[in-house]
Every structure is written in structure tokens, then in C-alpha cells.
Amino acid sequence: MLSEVPSQERKEKGPYAVIECPEKIPCDPCVGACPQGAIAIPESMVELPEIDYDKCTGCLVCIPRCPGLAIFVIDETPEDHALVYIPYEFIPRPQKGDTALGLDREGKERCEVTIQKIIDSPKFDHCAVVGFSVPKNLCHDIRFIKLKN
Ligand code: SF4
Ligand code: SF4
């Protein structure tokens, strides 16, 4: 299920998380992962999590803590592109400056992206966070990358 996105006013303030849980299952590591207390699951643990965009700082911490690889961070503040941050478990990791193909939720190639940031910490249990630039109009569509090499 696709998450709500924040208001235009909030988007202009900086990066924000989006949660795209595919189904209702008993799962909640995202709630404890957020240092700002921005993620909550209303009522029952099987409900889908919600984000309080007044609290979310776009810090990326929740991305590798989701076992379902369902959390992304979007930054629409750069003037000529947007940044999308995704969980990435494959080896080898991409490198900053690499170009790759941007894939949508169905795995369809939609555009070329440029890798801007890789966070690969042992604290993240083998899940890196990869950030890449995309055309602004595709930041809500591109959810994975395919390395060219
Ligand atoms: S990006 Fe950071 S502040 Fe926002 S929900 Fe995730 S952990 Fe919390
Ligand atoms: S940890 Fe991931 S899969 Fe589990 S409820 Fe949170 S966002 Fe959904």
C-alpha cells in the first residue's frame, strides 16, 4: 500500500520518509527505529504505520531497520532534481557518481539516475542506504535501481 505524502509546504522544508508497506502484518520495528518518534502504528500492530510529518526530519535511520524494505526518503528541495533514498542489500554496492537505471514498483526501467550517497554501516545489518538523483516528476515512482555494470 502506498503511503500518504506530506503537504507541499512540508516537502519544501526538506527530506521526508514515505512508508509503502504492501500488506497488513504484525510488524513494528519502524516505530522503535525513529529517534524523533515520528512513526506510529494506530490501534493494533497489524495496522499500517503512519508518519507524523511535523516530527520527521528525513534522517534516513528508519530505512535499513525495516525488514520489508518498505521505507524510502524523498528530498524534493534541490532545484533541478529530487533525491530518493532506498534500502539496498545487494553486493557490490554502487559508488558515488555511478549512473544506474531507475526502476519503478513494477521493475520497469523509467530513467537514468546518478548515485549521490551510500551509507553502509555495520549497525545496519547488511542493508545499505543508497541515495540517487532522479527527475523531479519521477521521485514518487522510482523505487529501485539496476546497476549498469
Ligand atoms: S526519516 Fe528519520 S525522522 Fe523520518 S521517520 Fe525515518 S527515522 Fe524518523
Ligand atoms: S518495519 Fe517496515 S514492514 Fe514493518 S510495519 Fe514498519 S514499515 Fe511496515
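Order of listing sets the numbers, starting from 1, for every ligand and every atom in it.
- When all heavy atoms of I71 and C30 are compared, the closest pair comes out as CD1-CB, 3.8 Å.
- For a distance bound of 2.8 Å, the N, O or S atoms of C34 include none lying that close to atom 2 (Fe) of ligand 1.
- Every atom of ligand 1 with a heavy atom of Q36 under 4.0 Å away is listed here by number and element: 3 (S).
- Other residues, nucleotides and ligands contribute over 12 non-hydrogen atoms within 6.0 Å of the NZ atom of K148.
- Residue pairs meeting the side chain to side chain donor-acceptor pair (under 3.5 Å) criterion with at least one partner in residues 78-98, sequence neighbours excluded, are R93-D120.
- Of the N and O atoms on the side chains of T99 and E112, not one donor lies less than 3.5 Å from an acceptor on the other residue.
- At distances below 3.5 Å, at least one donor-acceptor pair connects side-chain atoms of K136 with backbone N or O atoms of P78.
- For atom 6 (Fe) of ligand 2, the nearby protein N/O/S atoms, meaning those under 2.8 Å, are C30 SG.
- Interface atoms of ligand 1 facing G58, defined by a heavy-atom separation under 4.0 Å, are 1 (S), 4 (Fe).
- Clustering ILVMFWY residues whenever any of their side-chain heavy atoms sit less than 4.5 angstrom apart, transitively, puts V129 in the very cluster that holds V113.
- Scanning all heavy atoms of the two residues, the minimum distance from P94 to I115 falls at CB-CG1, 3.9 Å.
- Residue T57 approaches ligand 1 through these ligand atoms, each under 4.0 Å from one of its heavy atoms: 3 (S), 4 (Fe).
- Residue E47 comes nearest to I41 through the heavy atom pair O-CG2, 3.3 Å, listed as atom of the first residue, atom of the second, then distance.
- Taking every heavy atom of L60 and a limit of under 4.0 angstrom, the matching atoms of ligand 1 come to 1 (S), 2 (Fe).
- In this structure, E9 places its CD atom where only 12 or fewer heavy-atom neighbours from other residues, nucleotides or ligands lie under 6.0 Å away.
- Nearest protein heavy-atom contact of atom 4 (Fe) of ligand 1 is C56 SG, 2.4 Å.
- In summary, the atoms of ligand 2 found under 4.0 Å from a heavy atom of P67, numbered by their order in the structure, are 1 (S).
- Ring geometry, Y16 versus H140: the interplanar angle falls under 30°, so the pair is classed parallel (tilted spans 30 to 60°).
- Of the protein's non-hydrogen atoms, the one nearest atom 2 (Fe) of ligand 1 is C59 SG, 2.3 Å.
- Interface of P35 with ligand 1, defined as ligand atoms under 4.0 Å from a residue heavy atom, comprises 7 (S).
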